[in-house]
Amino acid sequence: MPKLSEIDLGSALLSTFILIGFIATAFAFIRIAIIAVNYVKINFPKGEKKAPKVGIENKDETKGF
């Protein structure tokens with residue numbers, strides 16, 4: 001095992017930051033996957049919606065821009 005004084009500080013820091021980057025990238029992909037799954041669940045329901053009756057507003061259409 002090398003002595004502590006023989007370890008190159010720059011190489012150790014670079015390796016540490018590369019490892020942190022890989023971990024952060026994995027968390028980002030997991031977060032994007034969760035957001036995508038929730039988006040699909042909300043916007044593409046399994047059951048078909050019934051057509052609204054005439055004269056009754058659909059609450060989904062009144063939201064948004």
Sequence neighbours left out, cut at 3.5 Å: what donor-acceptor pairs do the side chains of residues 26-38 make with other protein atoms?
{"unit_1": "N38", "atom_1": "ND2", "unit_2": "I34", "atom_2": "O", "d": "3.4"}

Notebook entry, point to check: What residues, two or more places apart in sequence or in another chain, satisfy side chain to side chain contact (heavy atoms under 4.5 Å, CB included) together with L19?
Noted result: I23

Margin query: What's the separation between atom CD1 in I20 and atom OG1 in T25, rounded to the nearest 0.5 Å?
Written below: 11.5 Å

